Each structure stands twice: as structure tokens, then as C-alpha cells.
Amino acid sequence: MKQRRHDRRTVAGIAMMATAAIALSACSGSTTPPAESGGSGTELEGRGPIQYVSSPDASGAAQQSIDEWNEANPDEQVEWVELPLDADQQRQQMVQNAQVKGETYSVLNLDVVWTSEFAANRWITELPEDAFPLDEHIPATVEAASYRDVLYGAPYYTDGALLYSRSDLLTAAGVAEAPQTWDEMQAACDAVLALPEAEGMSCYAGQFDKNEGLTVNFSEAVGSAGGSLFDDEGKPTVDTPEALTALNFLVDGFESGMIPKNAITFQEEQGRQAFQDGNLVFLRNWPYVYASFSATDGTSGVEGKFGVSAIPGESGPGVSTIGGRNLAISAFAENKATALDFITFFTSEEQEEKRLELSSRAPVFSSFFTDEAATEKLPYLPTLLESLENAQPRPRVVAYGETTAAIQDEIYAALTGEKSPEDALADLQDALTEITSD
Amino acid sequence: MTSSLSVDAPRTGTPRPKGKGEGSMATALLSPTFIVLALVIAYPLLSAVYQSMFSSQSGLDADGFVVEGETFVGIANYLDIFTGSDSPRFYNALWNTSFFTFVSVSLETVIGVAFAVMMNRAFKGRAFLRAAILVPWAIPTAVSGLLWRWIFQSNGIANELLNQEILWTAEGMSAQIAVITAEVWKTAPFIGLLVLAGMQIIPEEVYEAAKLDGASGWRQFWSITLPLVRPALLVAVLFRLLDSLRMFDLPFVLIGPRKSSVETLSILAWDESNQLNYGAASAFSIILVIYVAIIAFVFIKLLGANVAGDSEEKSVRRMRTARRKAAR
């Protein structure tokens, strides 16, 4: 107890310790980058033990692959450095390691949206394209692992948007097919909500809390309306009519009650819960919720009563964003040759197939999506493939953190009625122009 | 254990006059402590001040690689914070920090003192109650943030009980109420415990005298308990003030980052460092440290919280005054 008193007295100093760590790492990060330009042609050399730095994998599938590697390569052991579950914290630890040029991190498990930032800062090494069977991958996953057409990561698993719908209610209301456009979805809802058994339900929800999910949902809406957040040269294009149509779809949805009011607090899990409890006709979510919906242990209220389809768009099927993970080699790692071999092994078709036994993460090889054994286990795979074939990556900008924050700020303000959609988009255009200008 | 919590515990023995050699001996014995303090407190602090005078400028070269340079900008980071285009965000965070601190510490003090009074009574199951009251305080803040997030979900138990559809975790006053509720729930026991320790050293005879003089229970509380427990209470409140000014995890986990109605200064500093703007992040942290220091200084000066330990005569004097008052 006495100790605590002392601690509190020096509270100001303790408050500063975190800052100190930041300041320290920033100092060493400020040295000039290596003179070589492009980093191309650098040989991946060195063999020996390496570290695999990744988020936890509760399914045990990744551990199984690593164990298999370690058994076959006693001199080049892989040690798994487990990072926190929270993606922000993973990124922060990897960035800090890169800034002190730490040698301990060899293979990094990167979210697809970090690729540009890590590549542009030279924190990860270019990968030889011939080491991977890239033409067997879904093209969008390879694109998401590249920066300026150079491959920096090996696609590990992928993710795309699915529209979950209450097939039982759609059938009861006489709607034969899942909606392909926003208007069709509205019409389907009108029919379903007129049913007595649909009392108290709402039409549609996605992820609208101020969080990465909002960036995903907004960029999907823009893509589905025929626009994009950035043009091919990386200039922001959110002051376009397409972006306005997209934002109006969401804003009007909240106003008309098509999207329930509480959806403004929805991240992935809250939406899953609402759909599972039978409160929603349609839900945009990732494939991972499929398992919860089809649970037969009584926790799911929609088991056997739901279907999946590609997300709807303005005048045709919508455009999904792409999620998922890539494996990359830290630029400061030792034993890069081992790291490359390990990545090749880990992301091979054979290992992906073995992991499918345990994990529900979608593989990156297109062949699995039509493979009978795989689709039996994960019935949404064909739909996901359809969704991914249309998919667009989220903004591929170096300052992704600032970009997604700016999008969330403005879109959230429009959804909560604080700003008009026009003002929000104009402000967003200004903000993104400033972020990408330097 | 509990008695050491009280800053007012009467000490035994009188200070001895210092000998000549004792000073240098003391220096030698204390120097390891000072070195450690310099390393873990002074160096980081100075380093942060230094860092806050730099700004990282980054651009992309023709191949799309980041060209980074740190330029010395003097106090530009600070000027930016106070008058720049983002300054409304800073003032909003400053207001939120102060608002949360003032409201939650006030509520905690009242509830904490009430807890202490309850726990100080002799009754069956007292030990159990004391342990139970401490549970919220023992739970890590991030975990309690998650717990309250479930409670405050749109279909959560809070809305169920109130029979309302309040969107607690969206922006606005409701989000602030949610944060304050969780904060008070979590930390009122802390004040309760410290005040309880202070109460237990109040001699029983003071109350007996008061009873003989016919003082009511309420009167006893105002004229004996409160004045005598004041030093412990002030220290508890001071700790809470300092703690609460640095509030980060509760609004962050419960409501989420970048929500202006609950954004605090610590969250702003985190946000900047997350965007790799270490200069601005350090500047925010330094401002926070100075703000915390000012509040602590004013609090100590105004209310006379004796953090460094009370002198014996003072507490005895206070006890006598209290006794006299109660007898009146």
C-alpha cells in the first residue's frame, strides 16, 4: 500500500514513460533511408532460425503449419511471436520494430491495407514473383499484396463482403432471388416487412460505427455506385456524383428507417447479433459470421433460414472491398532466405488445404472456391469468389491511418446528421487531398 | 496495512539533530535512487520535450518510397495545437478531460465516503462487503470498458432497464454519461478504501465524548468524522484527479477512438503517435503533464492536501478542534 502512494506521487513522471518510448523509437527512426533506390534486385540471403510475427490464431491451423515446417527444418526453426488481437496494436508494434530496425521480426503477417505503408517506408522487402504461383491466386489478392506493381507480400488468406439474407422470409413474401441492386433490396424489404412474422424487424445493416468498418462500408457503397475513392494516379475522387449517390444511399437509409437507428453503433459483432436474433432482413458482413448463423446448438435464431449472395449495388451487383492478410519479410531481418522459403511453404496450396480443416479463413487459391470438399465445409465460398472477382482494394495510400480516419470523421458526421452529405464529401475531398499531397 | 495508508498516522520519536557526516552519507545512500529516478523520469521527460520540437515531413520519391526528414520547428507544434486549424479538436479534448475529471471525481468522492461510512460500521459480513466493494477497482480498466460496452449496447441491459432506445456508444451526451458511470463505478471504491483507512485511526473516545454531549449521528459525521478524515480524503481525491486527467482506456474501449464527445488529451496524443507524428504526440503529452501539474499544485495550495506527510502537532491540533466543535 505504501508503494502505491509513492507511485501516485510520481504520477506525472509515469505518465511520461509511454511518451518516452515513443520519443526514443522516433529518434532512431529519423535517420536517412538507405541510398539504394527501389530496393529491387536485393538478394534474400541468410539461413537460420526466424520469427513469425502474427496475430493469434485460435483455430490452431497456423500452428499446425509451423509445427510441420519445424519438424522438416531443424536448423531453420520458426518461432511464433504472437501479437495482440487488436489490429491497431499489431501495426504499432511492427512499426516500432521497423523504426528501431529490429532484427527480431522476420516474417510479418500484415493486414492488406498496411501493404502500401510498409512498402513505401521500406520496412518490408520486395519478393521475387517467381517464388509463388501467382496466376493461381485470385487476382485481387495479388493486387492487394503489391505496391506500385511490385510484389511485397504473399497472399495468406482473403476476405470479402457477403450479403446475408433471411431466405425464409423472402420466400414467404414471394421474393424469388436475392436482390442485386439497392432498389431491389428496398422492394424486397417492403414485401418482407409487410408480413406479420416480420413485425419489429428492420431491413438492412452493415458496419456504421466510427471504426474501420465504416471505411469499408462507405468505400463499398462508392464502388457499388460506379465510383471510387481514389483514381488511378492516387488522387482522391470523393466529390463525384457517384460518391454522393453512395453516401445518400446510406444517409437516406438511416432517415427512412431502412437502416435501423441503432446501426450507427454497429461494428461486425453487433450486426451479427442483430441478424442472429432475427432483427434484420439483410446484413452486410464478412464470411466469418457464417459459422455463428449456421450453429446448430440453439444459439442461432436463423439456422437454416438464411442465404448468402454478393452485395447489391446501385444498378447491378455491388463491389466488395477486399480484406485478408499477406505475409511479408521485414527489411531488417536476418535469414531472409529462410524467411522466403517459409512463406512459400506456408502459403502453398498444400498448406492452405490442410488449414481449411481447422480454420474458416478463405484461401487465396481460386481452385478451392469451386472444390467440392472445401465448399461442403464452407458453403459460401462460390459466392465469396463472385464477390472477390468484383472486389476493389481499400484506398492504397501510404498514409492509410490518416486516410481512414478522415473518411470515418466525415462519413460519420453525415450519417449522424451533423453535416449534409454534400458538405461532408467536399470536406473529405479537401482532407484527402491534403493527406495525399505530400 | 491499512494504517500505513493514512498520511496522518501519528509518528513516534522526535527528529534527531543532524551530524556533519550524515549529509554526505545520506547522499551516497540515496544516489542509486536518484539515478534510477533520473533514468526513468527525468530522461524520458526531457527527451519528450526535445522530441516535441521536431516535425516529421515525409514525401514520396519517384518510385513511391517515403523520403523522411525530421526538421526542427521550435515551438511550432505547440502553436499549431493552440491556434492551428486543428485547435478546436484540442480545446474540445481539454474540455472533455476537465469535464470528466470534475464530474466523476465529485461523484466518486461522495459515493466513496458513503462506502467508507458503511464499511466502518461493525456488522456481520463486514469483511465480505469490504472485499466485494473493491472488486470493480481490481478489474483492469480495459476489461471494465468492455463490460460496460456490453451493458450500454443498443440492445444491452441499460436500455432494457430504462426501457429506452438510447444509443450510448454513439456520439453525444449519452456517451459522456456512459463514460462517467463506468468511471465512477470503477474508482469510487478506491476513495472508499482510503477514507476508510483514515476513519479507522479516529479514536473511539472522540465519538463517546460526542455521544455524551448529545451530538446526533449526522452532527458526529460533519463535526468529527469529516474533519478528521480530511487529510486522507484530500490525498485520495488528489490521486483520483491526477489519474482521471490522464483518462484514456475507458472512453477508448467503451465508446471508441476519434469520437469528439469523449476524446481526451491522452487519446489525442495516442492518435498522433499512431499516425507516426511523434513531434505532435510529444507536444500533446507535455501539455498534458503541465496541465496535470497545474491542477495538482492548485489543489494542494487551495485545499492544503498534505501529500508529503503531516506533522504530528498539526493533526493533534485538528483533532482537538474537532473535539471542541463536537462538544459544543
Side-chain angles (χ1 to χ4, degrees), chain A residues 1-2 4-5 8-27 29-30 32-33 37-39 88 91-92 95 99 116-117 119-122 147-148 209-211 260-266 270 273-274 277 279 398-399 401-402 405 408-409 412 416 418 438, chain B residues 1-2 4-5 7 37 40-45 47-48 50-51 54 56-61 63-70 153-155 165 167-171 197 235 238-239 242-243 246 256-259 266 269 271 273-276 278-279 281-282 285-286 288-289 292-293 296 307:
Chain A
M1 279 300 161
K2 198 149 217 152
R4 176 169 312 114
R5 192 174 117 203
R8 301 283 169 138
R9 253 156 63 185
T10 57
V11 75
I14 291 163
M16 288 311 301
M17 286 178 64
T19 322
I22 291 164
L24 278 173
S25 56
C27 283
S30 63
T32 41
S37 92
D88 265 328
R91 174 179 160 272
Q92 206 159 23
V95 169
Q99 289 187 324
S116 301
E117 183 186 23
N121 281 294
R122 298 174 207 261
Y147 175 65
R148 303 221 173 182
D209 193 8
K210 203 171 194 179
N211 170 279
K261 286 228 151 31
N262 60 359
I264 196 72
T265 64
F266 280 13
Q270 287 85 354
Q273 196 66 48
D277 292 346
N279 297 329
V398 175
E402 280 174 70
Q408 290 168 33
D409 280 349
Y412 193 81
T416 49
E418 214 174 286
D438 48 31
Chain B
M1 180 190 84
T2 37
S4 67
L5 259 177
V7 283
L37 287 181
V40 301
I41 295 172
Y43 171 69
L45 195 61
S47 158
Y50 179 73
Q51 182 68 28
F54 286 84
S56 61
Q57 257 109 34
S58 59
L60 296 183
D61 65 14
D63 296 316
F65 289 104
V66 172
V67 187
E68 214 178 359
E70 295 243 305
Q153 263 179 13
S154 61
N155 60 351
E165 259 295 292
L167 300 176
W168 297 99
T169 55
E171 289 269 21
V235 171
L238 180 66
F239 289 173
L242 304 188
D243 226 13
R246 297 177 300 134
R258 291 188 75 84
K259 293 220 173 128
S266 305
D271 197 42
S273 79
N274 205 33
Q275 323 276 5
L276 312 185
Y278 297 115
S282 304
S285 309
I286 296 293
L288 178 58
V289 167
V292 169
V307 196

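Proteins get letters first, then strands, A, B, ... in listed order; numbering begins at 1 in each. Everything quoted here is computed from the prediction, not taken from an experiment.
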Review point. Asn274(B) versus chain A, heavy atoms under 4.5 Å apart: side chain, backbone, both or neither?
Key: both
**Study point:** Toward chain B, the part of Glu402(A) with a non-hydrogen atom under 4.5 Å
**Key:** both
Exercise for review: Drop me the distance from Trp168(B)'s CH2 to Thr265(A)'s OG1, to the nearest 0.5 angstrom.
Suggested key: 13.0 Å
Check your understanding: For Ala274(A), is it the side chain, the backbone, both or neither that has a heavy atom under 4.5 Å from a heavy atom of chain B?
Key -> neither
Practice item. Output yes when a side-chain donor or acceptor of Lys210(A) lies under 3.5 Å from a complementary backbone atom of Arg258(B), and no otherwise. Key: yes
Review point. Is a side-chain N or O of Lys261(A) found less than 3.5 angstrom from the main chain of Leu167(B), in a donor-acceptor match?
Key: no
Review point. Glu418(A) versus chain B, heavy atoms under 4.5 Å apart: side chain, backbone, both or neither?
Key: neither
Check your understanding: If you measure from OH on Tyr147(A) to CZ on Phe65(B), what distance do you get to the nearest 0.5 Å?
Key -> 7.5 Å
**Study point:** Nearest-0.5 Å distance that lies between atom OG in Ser285(B) and atom CD in Gln51(B)
**Key:** 10.5 Å
Check your understanding: Glu171(B) versus chain A, heavy atoms under 4.5 Å apart: side chain, backbone, both or neither?
Key -> both
Study note, to complete from the structure: Bottom line for Asn121(A): the part with an atom under 4.5 Å from chain B's heavy atoms is both
Check your understanding: Where on Leu276(B) is there a heavy atom nearer than 4.5 Å to chain A: the side chain, the backbone, both, or neither?
Key -> side chain
Point to revise | Toward chain B, the part of Asn211(A) with a non-hydrogen atom under 4.5 Å | key: neither
Practice item. Under the side chain to side chain contact (heavy atoms under 4.5 Å, CB included) rule, what do Asn155(B) and Asn262(A) come out as? Steps first, then yes or no, please. Key: CA-CA 9 Å; Asn155(B) 60 351; Asn262(A) 60 359; 5.6 Å; no
